[in-house]
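By convention here, the first residue in the shown sequence is residue 1. Keep in mind it's a predicted model, so treat the numbers as computed, not measured.
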Amino acid sequence: MRKLLVGTGTCGLSAGAGKVIEALRNNPGEYELSGTGCIGMCFVEPLLEVRDGDSRRIYGEVTPEMAISIASGADPADHLVWSNDGQGSHADFLEKQDRLVLRNCGIINPDSMDDYIATGGYEALRKAGEMTPGEIIQLMKDSGLRGRGGAGFPTGMKWSFAASAAGEDKYIICNADEGDPGAFMDRSIIEGDPHAVIEGMLIAARAIGAANGYIYCRAEYPLAVKRLENAIAQAEERGFAQGVHLKVKMGAGAFVCGEETALFRSIEGKRGMPTFRPPYPAEKGLFAKPTNNNNVETYACVPWIVRNGVKAFRERGTEKSPGTKVFALAGKVKRGGLAEVAMGTPIRHLVFGIGGGIKKDRAFKAVQMGGPSGGCIPEHLADTPVDFESIPATGAIMGSGGMVVMDDTSCMVDIARFFLSFTCDESCGKCTFCRVGNRRLLETLERITAGEGREEDIPFLETLGRQIIDGSLCGLGQTAPNPILTTLRYFRNEYEAHILEKKCPAGSCRALIKFTVNPETCRGCTLCAKACPVNAVSGQRGQVHSIDQQKCTKCGACYDACPFDAIIRE
């Protein structure tokens with residue numbers, strides 16, 4: 001019997017997948033219908049896959065009416081995005097990846113334990129049950145797996161610290177508090193393959209001797225929370241939990257709770273604020289007990305390594321950064337979505353080979369990696385490999401895997417202002433350098449983007465930025481100046497243009513741009529006047545229009561509406 005799968009991750013549901021699957025349920029036929037997670041092609045959701053024997057065909061931008069037609073045997077070739085025989089308009093998006101962590105996302109029904117078991121699920125847990133805790137830890141050490149949350153600390157070594165810590169009560173923690181703007185890797189993994197995360201945690205629990213654990217997931221991820229709780233209940237009911245009790249703890253969305261000591265305090269019911277280290281979590285973590293904390297992607301790697309072995313894992317990536325990494329492609333890239341590649345893959349391959357290049361074929365300018373804690377990597381460094389050694393050398397960090405792509409219309413000063421405003425809002429306020437220092441940085445950037453910058457602002461930003469790095473307690477404050485320092489390093493000319501010439505080279509900062517009408521190309525179509533929200537554009541049909549600079553709010557609506565390029569943005 002044919003099988004139809006509808007992508008019901010958050011991205012798919014946001015694009016209308018709920019109506020697609022409802023239409024198919026209301027029009028039953030000779031097929032089996034199932035939901036599945038995100039396969040990564042977020043740019044063409046809703047997605048519908050048809051499996052018929054050995055044939056697999058995925059259709060994109062599917063409407064309810066189209067879904068019914070496809071279920072009846074139609075083949076809308078113009079909507080075919082991938083097939084297992086190499087056809088489809090975006091077949092290369094998946095073919096250019098190395099999907100290890102995302103192995104089941106978009107393949108299985110995430111609510112079905114039987115689907116997971118059919119792919120070899122929980123076989124790794126069985127194998128780990130035949131090993132001693134020390135053998136499991138040594139396997140992780142030999143694999144070279146490093147934490148995928150951003151720091152890149154060796155996983156096996158981390159487990160060994162918790163395992164050797166004194167005390168019988170120990171905790172296993174999964175950090176699913178994904179807060180970086182533009183990042184959605186962990187959410188998609190949980191929504192598409194929750195049992196992989198559970199299995200990885202159960203193996204880790206055996207390795208360190210933990211009987212209790214928490215998955216700290218932000219409340220803004222209701223679907224992820226629902227699927228995690230379902231997977232935990234299924235694992236317990238089928239006996240896979242083996243006495244390990246896991247619970248989902250929902251966070252309120254505080255970015256600082258991504259820092260592990262703040263995360264522990266939040267689980268304990270306290271205000272999420274970082275604490276001093278030492279003692280380190282392996283010795284004294286959650287409820288003052290030995291604790292191991294890894295992120296979603298790290299745990300999802302574990303079952304694959306146990307099943308397939310160290311050699312297979314190390315065949316991917318580099319010597320010091322083995323394995324794969326999942327990235328969330330967002331911003332000005334044509335094909336935004338999830339991409340998993342071997343460590344050491346150049347940034348350019350992600351942006352152009354998988355992402356399809358820049359929207360409207362504009363010039364590629366930079367990528368922001370690591371979210372607010374990261375930095376901007378310019379186009380001329382796009383051949384930099386993504387690994388734990390090469391990315392920090394650029395001034396950015398790997399982070400959890402968010403990659404925001406920017407084109408020539410992106411103002412790097414304004415980008416730094418945006419990320420710093422986020423950090424200021426999310427600071428817990430415990431450290432003076434973070435609480436006050438970052439606010440002073442933000443105020444300076446706001447002045448610069450408003451055309452009120454001063455020459456002394458640049459050295460001030462650099463000096464205070466380094467002081468905040470040195471004086472802050474946790475990773476939030478220690479990395480907050482990174483967007484400023486990297487944009488100053490690679491795009492100092494844009495800061496100078498804002499300050500000395502009172503110009504925004506990208507034409508992005510409202511206070512420094514001006515919209516006028518080119519009389520030679522204006523057709524008098526009136527579209528710009530209709531688009532203007534403040535009636536600043538005037539003119540009769542068929543005649544050259546004009547813009548009242550006193551009324552103009554510089555929103556750019558007229559610029560976007562004009563089909564004749566008659567609006568000039570200066």
Peer 1: Mind checking salt bridge (Lys or Arg N to Asp or Glu O under 4.0 Å) for R103 and listing every partner two or more places apart, or none if nothing turns up?
Peer 2: none
Peer 1: With Q234, which residues qualify under side chain to side chain donor-acceptor pair (under 3.5 Å), at least two apart?
Peer 2: H195
Peer 1: Would you mind checking if R277 and E259 are paired as a salt bridge, meaning a charged N to carboxylate O distance below 4.0 Å?
Peer 2: yes
Peer 1: Quick one, I215 and I198 - any side-chain contact, counting heavy atoms below 4.5 Å?
Peer 2: yes
Peer 1: Nearest heavy-atom pair of Y221 and A183: which atoms, and what distance?
Peer 2: OH-O, 4.0 Å
Peer 1: My understanding is that only residues two or more places apart in sequence, or in another chain, count here; which of them pass ring pair (Phe, Tyr, Trp, His ring centres under 6.0 Å) with H90?
Peer 2: F43
Peer 1: Is there side-chain contact between R335 and D92, with at least one heavy-atom pair below 4.5 Å?
Peer 2: yes
Peer 1: Can you list everything that forms a ring pair (Phe, Tyr, Trp, His ring centres under 6.0 Å) with F287? Sequence neighbours excluded, please.
Peer 2: Y171
Peer 1: Strictly below 4.0 Å, N to O, side chains only: are R146 and D387 in salt-bridge contact?
Peer 2: no
Peer 1: Side-chain contact test, heavy atoms from C-beta onward, threshold under 4.5 Å: evaluate it for C174 versus Y216 and give yes or no.
Peer 2: no
Peer 1: Quick one: do E315 and K311 make a salt bridge, cutoff under 4.0 Å?
Peer 2: yes
Peer 1: Assess the side chains of Y116 and E199: does a donor N or O sit below 3.5 Å from an acceptor N or O?
Peer 2: yes
Peer 1: I'd like to know whether CG of D54 has more than 12 heavy-atom contacts from other residues, nucleotides or ligands below 6.0 angstrom.
Peer 2: no
Peer 1: Going by the rule salt bridge (Lys or Arg N to Asp or Glu O under 4.0 Å), which residues pair with R51 if we only count those two or more places apart in sequence or in a different chain?
Peer 2: E49
Peer 1: Answer yes or no: are there more than 12 heavy-atom neighbours, outside E168 itself, under 6.0 Å from its atom CD?
Peer 2: no
Peer 1: Side chains of I108 and T119, heavy atoms from C-beta outward: is any pair under 4.5 Å?
Peer 2: yes
Peer 1: Just by distance, do the side chain of Q97 and the backbone of E340 share a donor-acceptor pair under 3.5 Å?
Peer 2: yes
Peer 1: Rounded to the nearest 0.5 Å, how far apart are CG of D177 and SG of C217?
Peer 2: 8.0 Å
Peer 1: Any donor and acceptor pair, going by atom type alone, linking the side chain of R206 with main-chain N or O of A128 inside 3.5 Å?
Peer 2: yes
Peer 1: Could you go through E95 and W82, starting from their C-alpha distance and side-chain angles, then the distance that decides it, and tell me whether this counts as side-chain hydrogen bond (donor to acceptor under 3.5 Å, both in side chains)?
Peer 2: CA-CA 9 Å; E95 300 302 331; W82 178 87; 2.8 Å; yes
Peer 1: Under 4.0 Å between a side-chain nitrogen and a carboxylate oxygen: does that hold for E297 and K325?
Peer 2: yes
Peer 1: What closest approach, in Å, do P46 and A15 show between heavy atoms, and which atom pair accounts for it?
Peer 2: CG-O, 3.4 Å
Peer 1: For A162, does its backbone N or O pair with a side-chain atom of K170 as donor and acceptor, under 3.5 Å?
Peer 2: yes
Peer 1: For E178 and M185, indicate whether the former's side chain and the latter's backbone hold a donor-acceptor pair under 3.5 Å.
Peer 2: yes
Peer 1: Does atom NZ (K320) have a neighbourhood of more than 12 heavy atoms from anything else shown, all under 6.0 Å?
Peer 2: no
Peer 1: Which residue pairs pass the ring-ring contact (aromatic ring centres under 6.0 Å, His included) test with at least one member in residues 243-272, sequence neighbours excluded?
Peer 2: F255-F422
Peer 1: Could you report the tightest heavy-atom contact between I107 and T36, atom names first, then the distance?
Peer 2: N-OG1, 3.4 Å
Peer 1: Output yes when E123 and R126 qualify as a salt bridge under the 4.0 Å nitrogen-oxygen rule, no when they do not.
Peer 2: yes
Peer 1: Kindly indicate whether the side chain of T261, heavy atoms from C-beta on, has any atom under 4.5 Å from the side chain of R265.
Peer 2: no
Peer 1: Among L5, D75, I70, find the one that has a side-chain contact (heavy atoms from CB on, under 4.5 Å) with V50.
Peer 2: I70
Peer 1: Indicate yes or no: at least one non-hydrogen side-chain atom of L246 is less than 4.5 angstrom from one of V244.
Peer 2: yes
Peer 1: Could you state the interatomic distance from OG (S373) to CG (D180), rounded to the nearest 0.5 Å?
Peer 2: 6.0 Å
Peer 1: Hey, are D114 and S112 close enough side-chain-wise for a donor-acceptor pair under 3.5 Å?
Peer 2: no
Peer 1: When you measure from the side chain of T155 to the backbone N and O of L145, does any donor-acceptor pair fall under 3.5 Å?
Peer 2: yes
Peer 1: Does atom NZ of K334 have more than 12 heavy-atom neighbours from other groups under 6.0 Å away?
Peer 2: yes
Peer 1: Looking at side-chain heavy atoms only, is the closest gap between M66 and H79 below 4.5 Å?
Peer 2: yes
Peer 1: Has K141 got more than 12 heavy atoms of other residues, nucleotides or ligands less than 6.0 Å from its NZ?
Peer 2: yes
Peer 1: Return yes when atom NZ of K19 has more than 12 non-hydrogen atoms of other residues, nucleotides or ligands closer than 6.0 Å, and no otherwise.
Peer 2: no
Peer 1: Will you find, in the side chains of N295 and T298, an N or O donor that is under 3.5 Å from an N or O acceptor?
Peer 2: yes
Peer 1: Side chains of N230 and M113, heavy atoms from C-beta outward: is any pair under 4.5 Å?
Peer 2: no
Peer 1: Would you confirm whether E30, through its side chain, and M1, through its main-chain N or O, come within 3.5 Å as a donor-acceptor pair?
Peer 2: no
Peer 1: Counting only heavy atoms from other residues, nucleotides and ligands, does the tally under 6.0 Å from CE of M250 exceed 12?
Peer 2: no
